[in-house]
Amino acid sequence: MARSFTPTTYEDLDPDRRPSLALALIPVLAVVAFLGIGSAVLGLDPHPPLLWSIAFVGGFGLWLGYDWEELFDGIANGLVMGLQALLIIFTIYGLIATWVSAGTIPGLMYFGLEILSPTTFLPAAAVVAAVVAFAIGSSWTTVGTLGVAFVGIGAGLGVPAPMTVGAVLSGAYAGDKQSPLSDTTNLAAGVTNTDLYAHIRRMRTGTAVAFGLAVLGFLALGLRASGEIPAGRIAEIQGALGETYAITLLAFVPLVVTFGLALRGYAALPTLVAGVFAGVVTTLLVQGAGFVAAWETFMYGTAPESGSDLVNELLATGGLTGSSWTITVVVAALALGGILERTGVLAVIAHAFTSSVKSPGALVAGTGVSAIVINALTAQQYMSIVLPSVTLRNTYDEFGLDSDQLSRAVEAAGTPTGALFPWHAGAVYMAGVTGVPTLEYAPYYLFAFLSPLVLFVMAATGYSLNATPTAADAPAAANAASAGVDDSPAPTDDD
C-alpha cells in the first residue's frame, strides 16, 4: 500500500490564496505546453520540460503567497505517495538482470518459442498476464518479469514488440484491477470507505467487457501480424540461448520463489527483493558464475555474447545503475504533481467540476475524466485515485450513489491509463523494463482505452447506477409511492 497523506480540498484552502478557476488553469496549460513542445516538437527527454513545469508552478505558488517551505512540503508529499513506486523501480531493474543471468528469462523464451504461434501469441500473452497479475496482485511485477520474457518470445515469432507490450499491459492491468492483493484495488476501496469485495464486484462487469474486447482485438492483430517465420529462425534463437545459458527447470527457481511469496500475500517490495536473492543464488549454482560476478550483474546488468544478435539485444540489461534515467523522470514528475496539489490548483479544478454536475451518470463519467487528467498532471496513479475520491465522496452521497460507484470510477479510469502518458511513473517504468517507448506501445495498449470507455458507456446508459433517493428527493419519492408508482431502482448484474 502506498504511504498516504490527506490531499488539500477546496475548503482547506486559504481564501486569500485560493486561485480562481481561470488562474488554476494557467499552470495546467503551461505544463501541457511544456511537455508537448519539449517532447513532440524539440525531441527532448522528459526531464527538461518537467523542470520547466516545476519552476513555473513553483513561481505561480510564490505569487499566490506560498513560501518555499510550503511548496517543499508539497514536493515531499508527492514523493511520499510515489515512494513505493521508486523503490520497486530500483529493485526490478536489478531483478531483471539477475533473472537473465540465472537463465530464468532465457528459459521462458526458449520454451515459449516451442509452444506459441504468431496467431495465438498476443491473446495468449494478454490472458496469461491477466491470470498472473490477478494471482500476485501486481501489474508492475508481471510486466517486469513475464512481460520481459514475452517481448523476447514475440520477437522470435516475428510479432512487433509494441504489440506484445500492449497485450501484456492489457492483461496485467485487467488482472490487477480484480485482485484483492493489489495495492491500487485496496487503495480505491480504502479511500472511499468501501468494502474491498464490494468494490471488486462492482468492477467485475466493466472489467470483463473491456478485457474481453481487448482479447478479441489482440486476436485480430495476431491474424494480421502472423506470417511465415523465416526458416530456422526459432532454431537459431533456441540454439543461441542453449549455448549461452543452462536451460533447465532449476533456472525457474527465482520465478517460483517470487510468485510463491506473492501468492501468500507478501508485499511487492520484499517479494521482489527475495526474487533478486533467488536470482543471484541460481546464477551461482545453475549457471556457474562467481559470487562477485553475480552481484556485479545485479549492479551493472547483462551483456550476453551469444551467436545471435537478436538474443544479445533482447537480453542486454542495465541492472540497478540502469534505472537512473527512469528514476529521475519519476522523481521530477512526482515533485510536479506535489506542487500542483499543494498550491490548490487541482482542488480548485475538482471543485469547479463538482459544482457543474447535474446527474448521477455525469458524476460517474466526470469522475473517470478527472482521474485521467490527474494521472497526466501528477504522473502517478495513487494520486489519480486518492484526490478524486476525497474530493467527491460527499457529492456521491448527495446523488444517492453507493461508495463502490466512486471506487469503481476512479480505478476503472485511473489505474490503467497512467501508462499512456510518457512522463507518468507507470509509463516510464513500462517503457524502461520492456525497451519499447510509450508512444510506440500506446496504440496497442487496448485495455487502457476500453476500460474508461466502458465506464463512460455504462454511465451514459445508466447501467449499474443504483442511485437511491437523497433527502432532497424524499418528498418526490413519497409522492410516487402514494400514487402506486414503483420508483425503486432496478437491480443490477454488477452486485
Side-chain angles (χ1 to χ4, degrees), residues 1-3 82-109 128-129 131-150 168 172 175-176 179-186 245-302 315 317-323 326-327 425-426 429-430 432-434:
M1 181 68 66
R3 297 179 65 86
L83 180 59
Q84 179 171 260
L86 291 169
L87 294 176
I88 286 177
I89 291 172
F90 267 126
T91 307
I92 204 78
Y93 269 77
L95 178 140
I96 292 171
T98 62
W99 281 28
V100 170
S101 64
T104 307
I105 291 176
L108 289 170
M109 291 171 57
V128 171
V131 171
V132 171
F134 173 80
I136 68 175
S138 174
S139 56
W140 284 34
T141 301
T142 301
V143 176
T145 54
L146 290 183
V148 174
F150 275 128
V168 172
D176 180 279
S179 175
L181 302 176
S182 166
D183 57 352
T184 54
T185 301
N186 280 274
Y245 303 94
I247 304 297
T248 168
L249 292 179
L250 291 176
F252 296 127
V253 168
L255 190 72
V256 174
V257 169
T258 303
F259 290 165
L261 290 174
L263 286 170
R264 291 184 64 85
Y266 287 90
L269 193 57
T271 294
L272 292 173
V273 171
V276 169
F277 278 94
V280 169
V281 171
T282 305
T283 300
L284 297 175
L285 300 181
V286 176
Q287 304 299 335
F291 184 83
V292 173
W295 282 107
E296 285 183 340
T297 295
F298 163 78
M299 190 68 188
Y300 302 112
T302 57
L315 297 181
T317 63
L320 191 66
T321 58
S323 66
T326 303
I327 290 291
Y429 170 83
M430 298 305 174
V433 299
T434 63

(request) Check side chain to side chain contact (heavy atoms under 4.5 Å, CB included) between Ser139 and all other residues, then give those that pass, not counting sequence neighbours. (result)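 Partners of Ser139 by the side chain to side chain contact (heavy atoms under 4.5 Å, CB included) criterion, ordered by chain and then number, come out as Ala172, Tyr173, Asp176.
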
(request) Using the test side chain to side chain contact (heavy atoms under 4.5 Å, CB included), find all partners of Phe259 that sit at least two apart in sequence or belong to another chain. (result)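 With neighbours one apart ignored, the set is Val132, Ile136, Thr141, Thr145, Leu146, Leu255.
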
Under 3.5 Å, which donor-acceptor pairs do the side chains of residues 268-284 form with other protein atoms, sequence neighbours left out?
residue : atom : partner : partner atom : Å
Thr271  : OG1  : Ala267  : O            : 2.7
Thr282  : OG1  : Ala278  : O            : 2.7
Thr283  : OG1  : Ser101  : OG           : 2.9
Thr283  : OG1  : Ala102  : N            : 3.2
Thr283  : OG1  : Gly279  : O            : 2.7

(message) Which residues pass the side-chain hydrogen bond (donor to acceptor under 3.5 Å, both in side chains) test with Thr317, not counting sequence neighbours?
(response)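 By the side-chain hydrogen bond (donor to acceptor under 3.5 Å, both in side chains) rule, Thr317 matches Thr302.
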
(request) Any chance you could measure Leu320, atom CG, to Leu95, atom CG, to the nearest 0.5 Å? (result)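 If we round to the nearest 0.5 Å, Leu320:CG and Leu95:CG are 11.5 Å apart.
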
(message) So, taking the atom named OH in Tyr429 and the one named CD1 in Ile327, what distance separates them when rounded to the nearest 0.5 Å?
(response)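 Reported value, rounded in 0.5 Å steps: 11.0 Å.
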
Do you know the tightest heavy-atom contact between [X] and [Y]?
X: Thr142; Y: Ala129; result: CG2-O, 3.7 Å
X: Gly319; Y: Ala97; result: CA-CB, 4.0 Å
X: Ser323; Y: Phe90; result: OG-CD2, 3.6 Å
X: Val168; Y: Gly147; result: CG1-CA, 3.8 Å

(message) Does atom CZ (Phe252) have a neighbourhood of more than 12 heavy atoms from anything else shown, all under 6.0 Å?
(response)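 Yes - once you tally the heavy atoms of other residues, nucleotides and ligands closer than 6.0 Å, there are more than 12.
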
(message) Could you check whether any side-chain heavy atom of Trp99 comes within less than 4.5 Å of a side-chain heavy atom of Val148, counting everything from C-beta outward?
(response)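 Not in contact.
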
(message) Under the side-chain hydrogen bond (donor to acceptor under 3.5 Å, both in side chains) definition, can you give me all pairs with a residue in residues 85-96, not counting sequence neighbours?
(response)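 Applying side-chain hydrogen bond (donor to acceptor under 3.5 Å, both in side chains) to every pair that reaches into residues 85-96, excluding sequence neighbours, yields Tyr93-Thr326.
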
(request) Mind jotting down which residue pairs meet the side-chain hydrogen bond (donor to acceptor under 3.5 Å, both in side chains) criterion with at least one end in residues 286-295? Sequence neighbours excluded, please. (result)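 Listed once each, the pairs would be none.
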
(request) Measure from the side-chain N and O atoms of Thr104 to the backbone N and O of Ala251, and report whether any donor-acceptor pair falls under 3.5 Å. (result)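 Yes; at least one donor-acceptor contact below 3.5 Å.
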
(message) I'd like to know if the side chain of Thr434 reaches the main chain of Met430, judged simply by a donor and an acceptor atom lying under 3.5 Å from each other, with no hydrogens or angles considered.
(response)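 Here the side-chain-to-backbone pair exists.
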
(request) Would you please name every residue forming a ring pair (Phe, Tyr, Trp, His ring centres under 6.0 Å) with Tyr245, sequence neighbours left out? (result)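 Tyr245: no ring pair (Phe, Tyr, Trp, His ring centres under 6.0 Å) contacts found.
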
